[in-house]
J.: 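Structure provided below as structure tokens; questions to follow.
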Amino acid sequence: MIVGILGEGSTDRRVAITPEHISSLAALKAEKILVETNAGLAASCTNEEYTAKGAEVVSRDAVITRSDMVLCINPFLKKELEMLKGKVLIGGFNPLINKDFVADCLETGVSVFSLDVIPRTTRAQAMDILSSMATVSGYKAVLVAATHLPKFFPMFMTAAGTITPAKVLILGAGVAGLQAISTAKRLGAVVEAFDVRTAAKEEVLSLGAKFVDVEGAVEDKAAGGYAVEQSEEFKRKQQAAVQEHAAKSDVVICTAQIPGRKAPVLLLKETIGNMKPGSVVVDLAASTGGNCELTENGKTISVHGVTIIGDSALASGMPGDASKMFGKNILNFLKIMIDKEGKINLNWDDDLITGTCIAHQGEVKNERVKSVMSVNA
Ligand code: NAD
């Protein structure tokens, strides 16, 4: 089996597999490992480092045409997918949103596995790229906020007077939100957080942050640990509570998401108008509409003196460790997909193989992706 690693182009600095993972790939009995020229450069992984670990650095075309299995991060063009007919492609393709890409995969006959829809079970944790990338984004969001904020995060008692600590509000206490809480606490801020899942409360409190309760949230165990759409009444109550807390905050980090849906709008235009000039909003939900009504995806804007940063691609801003984590998740997944002889083994009785498969012989196996595709058929 020949394994190929593609570069991500100029819009993403990460790479799916770093040089330190090459020997682990070889240990899975990959007979050859091909890496696209300069695939890892933006993540500080040189061609020479890949070669030194035993990989062959070749053109993008050569990776696509010679490999039996291709590893990457983002979706790519249909004309390249066509060259992968009958082969296996693994990455993180956001299939609940990128429906055209799923349709292309089905049409071109590639077997595609997207690790961002892996079932949220204990066994899947080591392969969960969403958690890994959310960890990076949550951390980075706080650092970005700190560099834009015109004041310190920690409290200081100096000869020039006492500096009060920054107040940070985190919307959504999933993986990114919890990492943002830890990072902001480490920097000395006073932190509070909101979430609609009751399980999040204990986690927020255990990190030393305050949990802001809004009664009446709906939960659904069948949603696999994810949040679900809330009632209009709850949304109004929540927006009012967010308004009250945001007005007292220096920084708001927005991480609230519902898989495959538009992000909930929690910070209204009026709320931004009530925030202190100089405050910073970092909206990680920007690519799905944003938690802030004024967020512009991929842009940093200033409204009434409040800086609003719309960035859902913060993991790409820390490409070294983000790539290491991504690569380790893929390697753990390959351990269940490659047999002892080094052959690809698609065991459809394995919920992690079925649960990540977004295209195989023209069929979607993942149930959530299947229902999204049938709605749009
Ligand atoms: P996510 O990225 O889908 O959403 C981020 C957070 O936003 C979630 O905590 C969600 O509850 C919250 N949210 C959604 N709507 C909201 C609203 N209107 N107001 C406030 N908050 C709102 O979530 P995630 O980070 O991927 O994690 C979701 C859950 O899955 C967590 O419990 C996490 O611990 C769990 N998880 C389990 C595994 C596993 O078992 N393999 C792996 C990763 C995460």
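Just so you know, ligand 1 is whichever comes first in the structure, and atom 1 is the first atom listed for that ligand.
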J.: Using heavy atoms and a 4.0 Å limit, tell me yes or no: is V196 in contact with ligand 1?
T.: yes
J.: Using 4.0 Å as the upper bound for N to carboxylate O, is an ion pair formed by K235 and E229?
T.: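 Yes, this pair counts.
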J.: May I ask which of L178, V228, D195 has a heavy atom nearer to atom 9 (O) of ligand 1 than the others do?
T.: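 Nearest heavy atom to atom 9 (O) of ligand 1 lies in D195.
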J.: Given E203, Q239, E219, R261, identify the one with the heavy atom nearest to atom 34 (O) of ligand 1.
T.: E203
J.: Between G310 and T295, what is the shortest heavy-atom contact and its length?
T.: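 G310 and T295 have their closest heavy atoms at CA-CG2, 3.7 Å.
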J.: Looking only at non-hydrogen atoms, find the nearest pair between K365 and T354 and report the distance.
T.: CB-O, 3.5 Å
J.: Assign the ring pair F194 / H245 to parallel, tilted or perpendicular, where the plane angle (0 to 90°) is split at 30° and 60°.
T.: perpendicular
J.: Check whether any N or O atom of G174, backbone or side chain, sits under 3.5 Å from an N or O atom of ligand 1, and answer yes or no.
T.: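 Yes, there is a polar N/O contact under 3.5 Å.
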J.: Think R60 forms a cation-pi with F76, using NZ or CZ under 6.0 Å from the six-ring centre and within 45 degrees of its axis?
T.: yes
J.: Which is it for D128 and ligand 1 at heavy atoms under 4.0 Å: side chain, backbone, both or neither?
T.: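 For D128, the contact with ligand 1 is made by the side chain alone.
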J.: Could you list the atoms of ligand 1 found under 4.0 angstrom from a heavy atom of S131?
T.: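 It comes down to these atoms of ligand 1: 42 (C), 43 (C), 44 (C).
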J.: Closer than 4.0 Å to some heavy atom of A173 - which atoms of ligand 1 meet that?
T.: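 Near A173, the atoms of ligand 1 are 9 (O).
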J.: For the pair D339 and K29, evaluate salt bridge (Lys or Arg N to Asp or Glu O under 4.0 Å) and give the outcome as yes or no after the intermediate values.
T.: CA-CA 9 Å; D339 68 15; K29 301 228 171 86; over 6 Å; no
J.: Nearest non-hydrogen contact with atom 24 (P) of ligand 1 belongs to which option: R123, Q230, R120?
T.: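 Looking at heavy atoms only, R120 sits closest to atom 24 (P) of ligand 1.
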J.: Taking 4.0 Å as the limit for heavy-atom contacts, which would you say applies to T121 with ligand 1: side chain only, backbone only, both, or neither?
T.: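 Only the backbone of T121 comes within reach of ligand 1.
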J.: To the nearest 0.5 Å, what is the distance between CG on L96 and OG1 on T288?
T.: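 Going from CG on L96 over to OG1 on T288, the span is 11.5 Å.
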J.: Can you sort out which atoms of ligand 1 are near A227, meaning under 4.0 Å from one of its heavy atoms?
T.: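 In order of number, 10 (C), 11 (O), 13 (N), 14 (C), 15 (N).
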J.: Which is it for R66 and E56 under the salt bridge (Lys or Arg N to Asp or Glu O under 4.0 Å) test, yes or no, and what are the steps along the way?
T.: CA-CA 12 Å; R66 288 171 58 193; E56 201 181 312; 3.3 Å; yes
J.: Just which atoms of ligand 1 are under 4.0 Å from any heavy atom in V175?
T.: 24 (P), 25 (O), 44 (C)
J.: With heavy atoms under 4.0 Å as the rule, classify the contact between K235 and ligand 1 as side chain, backbone, both or neither.
T.: neither
J.: Show me which atoms of ligand 1 lie under 4.0 Å from any heavy atom of P264.
T.: 15 (N), 16 (C), 17 (C), 18 (N)
J.: If you look at every heavy atom in S316 and P319, which pair is closest and at what distance?
T.: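 Residues S316 and P319, closest heavy atoms: O-CD, 3.3 Å.
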